[in-house]
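Presented below is the structure to which this report refers.
Everything quoted here is computed from the prediction, not taken from an experiment.
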Amino acid sequence: MEPHLLYQVSEIIYDVSKGSKFFNNEEARDKSLTLKIDRILKKKADLERLDLGNDKRKADHLIEELELSRDLSQTIVHIDCDAFYAAVEELDRPELKDVPFSVGKGVLTTCNYHARKFGCRSGMAGFVAKKLCPQLIQIPLNFDKYTSKAQEVREIIVDYDPRFESASIDEAYLNITEYCERNSIEPATAIENLRREVHEKTKITISAGIAANTKLAKICSNMNKPNGQFQLPNERAAIMAFMRDLPTRKVNGVGRVFERELDAVGVKTCGEIYSCRQYLSKLFGEKAFSFLMGCYLGLGRTSVQPAEEFERKSVGTESTFAEMGDPTALRKKLRWTAEELEKDMVRTQFKGRTLCLKVKLHTFEVFTRQVVPPKSIYQADDLYKYSLPMLLKLEQEFPGMKLRLMGLRCTHLLSMKKADTMAFFGYKTKMPTDDSDINSTSGTLKRKLDDIEEEHWEEYDERLFEDAERLEREDELNELETLSQEIDKRRHHGKEIVPNPKKVETLDEEWWDCPVCLRPQRSNEKAFNEHMDLCLSRQTIRDVVQEATFDKDVSTPLPLKRPKTERGKIKSALSDPKQRKLFFG
DNA sequence: GCGGATCAC
DNA sequence: TATGGTGATCCGC
């Protein structure tokens, strides 16, 4: 975009935004970022007076170490559908092709390239975009449509890498090393074919980056966008040269804030990271330090992994609404939010051991509060019961508060998928391993699988898979009930939990120290007892898990996160015809 | 472990 | 008139 146009765009954005609550909040955030940067600069000035020889050696040592780990043997590809939602909409409504339009009401989720010429961007408020481009057509989201289109694309890329990794609905990482070898084809040619095939079959254009690892591939897919590709050779010199002049912001993980902070200490490009290496760890922390060293060297992950194999860490829901201050209305909204979350918890088959309430005030300030209920929960009644005290406390903290958003999220998840839970609580003698074969699967599913193997998968009736799923689900529910009771017994030392569903606890000013965890707790007797129960039960769970999971060594801490079981993998594989094919030859 | 903040899409 | 939802991670305390 031309500089003078760019200026006009930002001027318009400023004019329509200034004075709004949103804008005021942005300004406040900007101010605090400026202060943070001042602190960073002062710290750097202090460091400059010190001898940082040690830090420099530490950095150089890390560079050496990282260099040894450099793996140039893999060919990784990042593919990215161009303006995906907009492209899908255009297929249904070809008349949109030549006019600027955006997808998403209120805030633009994405927009086509015509709209971008006017300065419209994803994430922009609808009314601002309309100001920039009065003829902009705004259409609502059709999530189901995008999901099914994405599936069409995936059915093609699976032929290039059956273990591809979905990074989001419209992005994927592939490892095509083996594909290229097997077909004696150059990566660039293979990806040209892939892009052509995707376009022919789905009418979606995609951009691709080809490089030695995921970090580089992701950057490369942005180089010739839209509908283009870029390959960075798997050579150290080429990679170093590429990174040297690359603005830090281009790297995944460097956002608006980190870019500004780095800029302030004189780092605009990844190459400039090197000259600052002795400061980085003290200025930005150890994690950021090694991340930046990886950026300087152009290192990244060389493995890709199906997304289903990643473990989920939270389930949550949130929504924005017209400013609301009436406590009764807020309770009603909380109740509704709890009901929404229950649906997601059931859908994903999890209970949560902690519950997090998020609110956004009318000023756009965001606050979160969390509790650990005395048991893991997922039902709306429980979600509401345990989040209400947090809401009440916030009302005390901000008298007369008005909200524009409310959200609930469960973390420290407990999987309700039977295999996981059984293994977790020691009902299986051996933890499933990653590469265990299909025969290690037990129960209903295995029998079904044995049957299937005798037949040809393509001829197998889809409904029988559903039957298997349903049978298994019934099994799970029954066993889960038994298991749940067993767990509760163990967790509470045989004490009965007395439910008290209606009474809302008041928040006392007084605090007592819990004798188990030694932390201050509300002095309300019931709440205090519940908390103590939890503290005790945590210890009990540790004991149970250690007994069940480990032969001798009980020093390992509570494994909150467990590897996904083989059974889970098989189930996800069965839901995809291409992968099913892989399983059965 | 909690709450704020950042980041990606 | 008016600025999203979901999930992850890191830091300071």
Legend entry - Residue A:A125, side-chain heavy atoms: nucleotide from B:dT6, B:dG1, C:dT3 that is nearest: C:dT3
Inset, instruction - Identify which one of A:R404, A:K360, A:K21 satisfies the salt bridge (charged side-chain N to carboxylate O under 4.0 Å, His left out) criterion when paired with A:E323. - result: A:K21
Inset, instruction - May I ask you to decide if A:R409's main-chain N or O and A:D344's side chain share a donor-acceptor pair within less than 3.5 Å? - result: no
Inset, instruction - Can you tell me the distance, in whole Å, between the NZ atom of A:K360 and the P atom of C:dT6? - result: 12 Å
Inset, instruction - Classify the nucleic acid contact of A:F258 as base, sugar-phosphate or nothing, counting any heavy atom under 4.0 Å across all strands shown. - result: sugar-phosphate
Legend entry - Interatomic distance at C1', B:dC7 relative to C:dG4, whole Å: 15 Å
Legend entry - Between B:dT6 (P) and A:F291 (CZ): distance, integer Å: 16 Å
Inset, instruction - Calculate the interatomic distance between A:L283 atom CG and C:dC10 atom P; express it in whole Å. - result: 19 Å
Inset, instruction - Measure from the side-chain heavy atoms of A:K358 and tell me the nearest of C:dA8, C:dT6, B:dG3. - result: C:dT6
Inset, instruction - Please state whether the phosphate of C:dA8, meaning OP1 or OP2, lies under 4.0 angstrom from any side-chain nitrogen or oxygen of A:S314. - result: yes
Inset, instruction - Give a yes/no on whether any side-chain N or O of A:R409 is located under 4.0 angstrom from OP1 or OP2 of C:dA8. - result: no
Inset, instruction - Round to a whole Å and report the spacing from CD of A:E318 to C1' of C:dG5. - result: 5 Å
Inset, instruction - Check whether any side-chain nitrogen or oxygen of A:N252 sits under 4.0 Å from OP1 or OP2 of B:dC9, and answer yes or no. - result: yes
Inset, instruction - Indicate whether OP1 or OP2 belonging to C:dG4 is found under 4.0 Å from a side-chain N or O atom of A:R404. - result: yes
Legend entry - salt_bridge(A:K42, A:D46) N-O dist < 4.0 Å: yes
Inset, instruction - Would you mind classifying the nucleic acid contact of A:S319 as base, sugar-phosphate or nothing, using non-hydrogen atoms under 4.0 angstrom? - result: sugar-phosphate
Inset, instruction - Answer yes or no: does atom NZ of A:K58 have more than 12 heavy-atom neighbours from other residues, nucleotides or ligands under 6.0 Å? - result: yes
Inset, instruction - Classify the nucleic acid contact of A:E26 as base, sugar-phosphate or nothing, counting any heavy atom under 4.0 Å across all strands shown. - result: nothing
Legend entry - A:E342 side chain vs A:A380 backbone, donor-acceptor pair below 3.5 Å: yes
Inset, instruction - Tell me which nucleotide among B:dC2, B:dG4, B:dC9 gets nearest to the side chain of A:R369. - result: B:dG4
Inset, instruction - Would you mind reading off the distance between A:Y85 atom OH and C:dG4 atom C1', rounded to a whole angstrom? - result: 12 Å
Legend entry - Side chain A:S17 and base C:dT3 donor-acceptor under 3.5 Å: yes
Inset, instruction - Name the nucleic acid region contacted by A:G255, choosing base, sugar-phosphate or nothing; use a 4.0 angstrom heavy-atom cut-off, strictly under. - result: sugar-phosphate
Inset, instruction - For the side chain of A:T320, starting at C-beta, report the closest nucleotide among C:dT9, B:dT6, C:dG5. - result: C:dG5
Legend entry - Side-chain N or O of A:R312 closer than 4.0 Å to phosphate OP1/OP2 of C:dG7: yes
Legend entry - Residue A:V372, side-chain atoms from C-beta onward, closest of B:dC2, C:dT3, C:dT9: B:dC2
Legend entry - Nearest listed nucleotide, side chain of A:R249, among C:dT3, B:dA8, B:dG3: B:dA8
Inset, instruction - Please work out if A:V16 contacts a base, only the sugar-phosphate, or nothing of the nucleic acid, heavy-atom cut-off 4.0 Å. - result: nothing
Inset, instruction - In whole angstrom, give the distance that lies between atom NZ of A:K36 and atom P of B:dA5. - result: 9 Å
Legend entry - Proximity to the side chain of A:L405 - top-ranked nucleotide from B:dC7, C:dT3, C:dG5: C:dG5
Inset, instruction - Would you indicate, yes or no, if B:dG3 has its OP1 or OP2 atom less than 4.0 angstrom from a side-chain nitrogen or oxygen of A:T368? - result: no
Legend entry - Nearest to side-chain heavy atoms of A:F127, which nucleotide of C:dC11, C:dT6, C:dT3: C:dT3
Legend entry - Salt bridge flag under 4.0 Å for residues A:K149 and A:D92: no
Legend entry - N/O (side chain, A:S20) to phosphate O (OP1/OP2, C:dT3) under 4.0 Å: no
Legend entry - First of A:S32 and A:G253 reached from the 5' end of DNA chain B, by closest nucleotide: A:S32
Legend entry - A:F310 CZ - C:dT6 C1' separation (whole Å): 17 Å
Inset, instruction - Indicate the atoms forming the closest heavy-atom contact of A:V251 with A:C270, along with that distance. - result: CG2-SG, 3.7 Å
Inset, instruction - For A:T109 and for A:V315, find the nucleotide of DNA chain C with the closest heavy atom, then tell me which residue's nucleotide is more 5'. - result: A:T109
Inset, instruction - With DNA chain B as reference, determine whether A:D170 or A:L33 sits nearer its 5' end, using the nearest nucleotide of each. - result: A:L33
Inset, instruction - Provide, to the nearest angstrom, the distance between the CG atom belonging to A:L280 and the C1' atom belonging to C:dC11. - result: 17 Å
